[in-house]
*Asks:* 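Got a structure here, written out as structure tokens. Questions coming.
Numbers restart at 1 for each chain; the letters A, B, ... are given by sequence-line order, proteins then strands. Values below: every heavy atom of this structure, side chains too, minus hydrogens, waters and symmetry copies.
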Amino acid sequence: MICIFDILFLIFDIPTPELPEVETIKRQLADTIVGCKITNVWFDNPKSLQSNPLIFVKGVKGAIIQKIDRRAKLVIFYLDGSKAFVVHLRMTGRLLIRKAGDSIDAFAHVVLSLEKGLELRFCDARKFGFMRFLKDQKELKELLLGYGPEPLDDLSLEKFRQILSKNQRSIKEVLTDQKLISGIGNIYANDGLWLAKTHPLEPANKVDAAIVFKAIEKVLTEGLKDGGASDQWYVNAFGAKGKYQEHFKVYGRIGKPCLRCKTIIKRIVVASRGTFYCPKCQVF
DNA sequence: AGTGCGACCTGATCGC
DNA sequence: TGCGATCAGGTCGCAC
């Protein structure tokens, strides 16, 4: 049975940018604005420029974007002179490439003017996201040290098994803990666990690591192929929506039938986050 | 040491 | 019509 609270929750759950979404943006930016000089910086919310906004402006203005990369949910902009800045979109953040004359974007908080008449706009309705300047590679390295391995890159099954075996917290908490494994958030943890037929509350050291590993790899790859999930806020660097929301397996599907067994999908709260699962397929 | 929870922030929505 | 309360999300920092 669906009750009124379920419907409320259905409305309120907000998908946020994770590895596939951030990677999509990163690829588009890398194709478009590498080599561009940053000619000006505008901002209206100092908190969007973590630490000291003036240091950000001073460090970034006049610099040339050498390379754009992604680590965890961070987009990394390498500048000349071993400087860099990173962007975290958190919940509602957007990174948009626009032409200088294009109409103003809603919730724009930082705008970097670039050569070729382009602009890189950082928009964020909730103001949770941020841009952060790093004065040298050492500072950047220190920041990145806090993140676990990349699930589609340097995370082997053996390493994954090790991480799980050392943890008795729920598998969902472990999957979304950026210190342990980076890039996985609420959407792909939910869908991956559904694919692995694993209950989100099962202790990490009790689950079948190989099955969960494969499932996570699969949903992340699928999400990437679809250009991310765009239920509410997410759009890519060109302002276009992704398609993975059309392929959600359990995420946000409360009250709807399980794609495997038709059992009604349930929602519980795990570590203060909305969590969806099939009560028949995912048991422990 | 490991765990848990409040704070951050605000658009969307609901109740009154 | 409109105001106030509630909720979500990722991550940090603090308290137990």
*Asks:* Map A/Phe107 and A/Ser272 onto DNA chain B by nearest heavy atom, then report which one ends up closer to the 5' terminus.
*Replies:* A/Ser272
*Asks:* Whole angstroms only, please: what is the CG-P distance between A/Leu180 and C/dG10?
*Replies:*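 Value for this atom pair: 15 Å.
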*Asks:* What does the inter-axis angle of the helix from B/dG2-C/dC16 to B/dC16-C/dG2 come out as, five pairs per end, nearest 10 degrees?
*Replies:*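 Between the axes fitted at each end of the helix from B/dG2-C/dC16 to B/dC16-C/dG2 lies an angle of 60°.
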*Asks:* Can you spot which of A/Asp44, A/Asn45, A/Asp124 makes a side-chain hydrogen bond (donor to acceptor under 3.5 Å, both in side chains) with A/His109?
*Replies:* A/Asp44
*Asks:* Nearest of C/dT11, B/dT3, B/dG11 to any side-chain atom of A/Asn167?
*Replies:* B/dT3
*Asks:* Can you tell me if A/Lys73 touches the phosphate of C/dT11, counting only side-chain N or O atoms and a distance under 4.0 Å to OP1 or OP2?
*Replies:* yes
*Asks:* Check every atom of B/dC9, B/dT3, B/dA7 against the side chain of A/Arg126 and return the nucleotide holding the closest atom.
*Replies:*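 The closest nucleotide is B/dC9.
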*Asks:* Without decimals, in angstroms, what is the distance between A/Ile14 CD1 and B/dA12 P?
*Replies:* 9 Å
*Asks:* Flag the pair A/Asp105 and A/Arg98 as a salt bridge only when some basic side-chain nitrogen lies within less than 4.0 angstrom of an acidic carboxylate oxygen.
*Replies:* yes
*Asks:* Side chain of A/Gln178 only, please: which of C/dT11, B/dT3, B/dG11 is the nearest?
*Replies:* C/dT11
*Asks:* Check the distance between C/dC7's P and A/Asn186's CG and give it to me in whole angstrom.
*Replies:*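 These atoms are roughly 17 Å apart.
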*Asks:* May I ask you to evaluate whether A/His88 reaches the phosphate of C/dG10, defined as a side-chain N or O under 4.0 Å from OP1 or OP2?
*Replies:* no
*Asks:* What's the NZ-C1' distance between A/Lys47 and B/dC8, to the nearest Å?
*Replies:* 7 Å
*Asks:* Out of C/dA8, C/dG10, B/dG11, which has the shortest distance to the side chain of A/Arg267?
*Replies:*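 It is C/dA8.
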*Asks:* Per the atom types in the model, does the base of C/dT11 pair as donor or acceptor with the side chain of A/Arg273 at under 3.5 Å?
*Replies:* yes
*Asks:* Name the closest nucleotide to the A/Arg169 side chain, picking from B/dT3, B/dG11, C/dG10.
*Replies:* B/dT3
*Asks:* Less than 4.0 angstrom from a charged side-chain N to a carboxylate O is my criterion; do A/Lys135 and A/Glu139 meet it?
*Replies:* yes
*Asks:* Calculate the interatomic distance between A/Phe128 atom CZ and C/dA8 atom P; express it in whole Å.
*Replies:* 13 Å
*Asks:* From the set C/dT11, B/dG4, B/dG11, return the single nucleotide nearest to any side-chain atom of A/Glu173.
*Replies:*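 Ranking C/dT11, B/dG4, B/dG11 by closest atom to the A/Glu173 side chain puts B/dG4 first.
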*Asks:* How close or far is atom C1' of C/dG13 from atom CD of A/Gln50, stated in whole angstroms?
*Replies:* 13 Å
*Asks:* How long is the line joining CG of A/Asn190 and C1' of C/dA8, in whole Å?
*Replies:* 13 Å
*Asks:* Report the residue from A/Ile187, A/Ile25, A/Val22, A/Ile14 that forms a side-chain contact (heavy atoms from CB on, under 4.5 Å) with A/Tyr234.
*Replies:* A/Ile25
*Asks:* Measure the distance from CD on A/Gln232 to P on C/dA8 and round it to the nearest whole Å.
*Replies:* 12 Å
*Asks:* Checking side-chain contact (heavy atoms from CB on, under 4.5 Å) against A/Leu120, which of A/Leu95, A/Val110, A/Ile38 comes through?
*Replies:* A/Leu95
*Asks:* What does A/Gln168 touch in the nucleic acid at a heavy-atom separation under 4.0 angstrom: a base, only the sugar-phosphate, or nothing?
*Replies:*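 Here A/Gln168 touches the backbone only, sparing every base.
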*Asks:* Give A/Gly274 one of three labels, base, sugar-phosphate or nothing, depending on what nucleic acid heavy atoms sit under 4.0 Å from its own.
*Replies:* sugar-phosphate
*Asks:* Would A/Glu222 and A/Lys225 pass as an ion pair if we require N to O under 4.0 Å?
*Replies:*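 Salt bridge: no.
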*Asks:* Could you point out which residue of A/Phe133, A/Phe130, A/Tyr78, A/Phe77 forms a ring-ring contact (aromatic ring centres under 6.0 Å, His included) with A/Phe85?
*Replies:* A/Phe77
*Asks:* Mind jotting down which residue pairs meet the salt bridge (charged side-chain N to carboxylate O under 4.0 Å, His left out) criterion with at least one end in residues 178-190 of chain A? Sequence neighbours excluded, please.
*Replies:* A/Asp177-A/Lys179
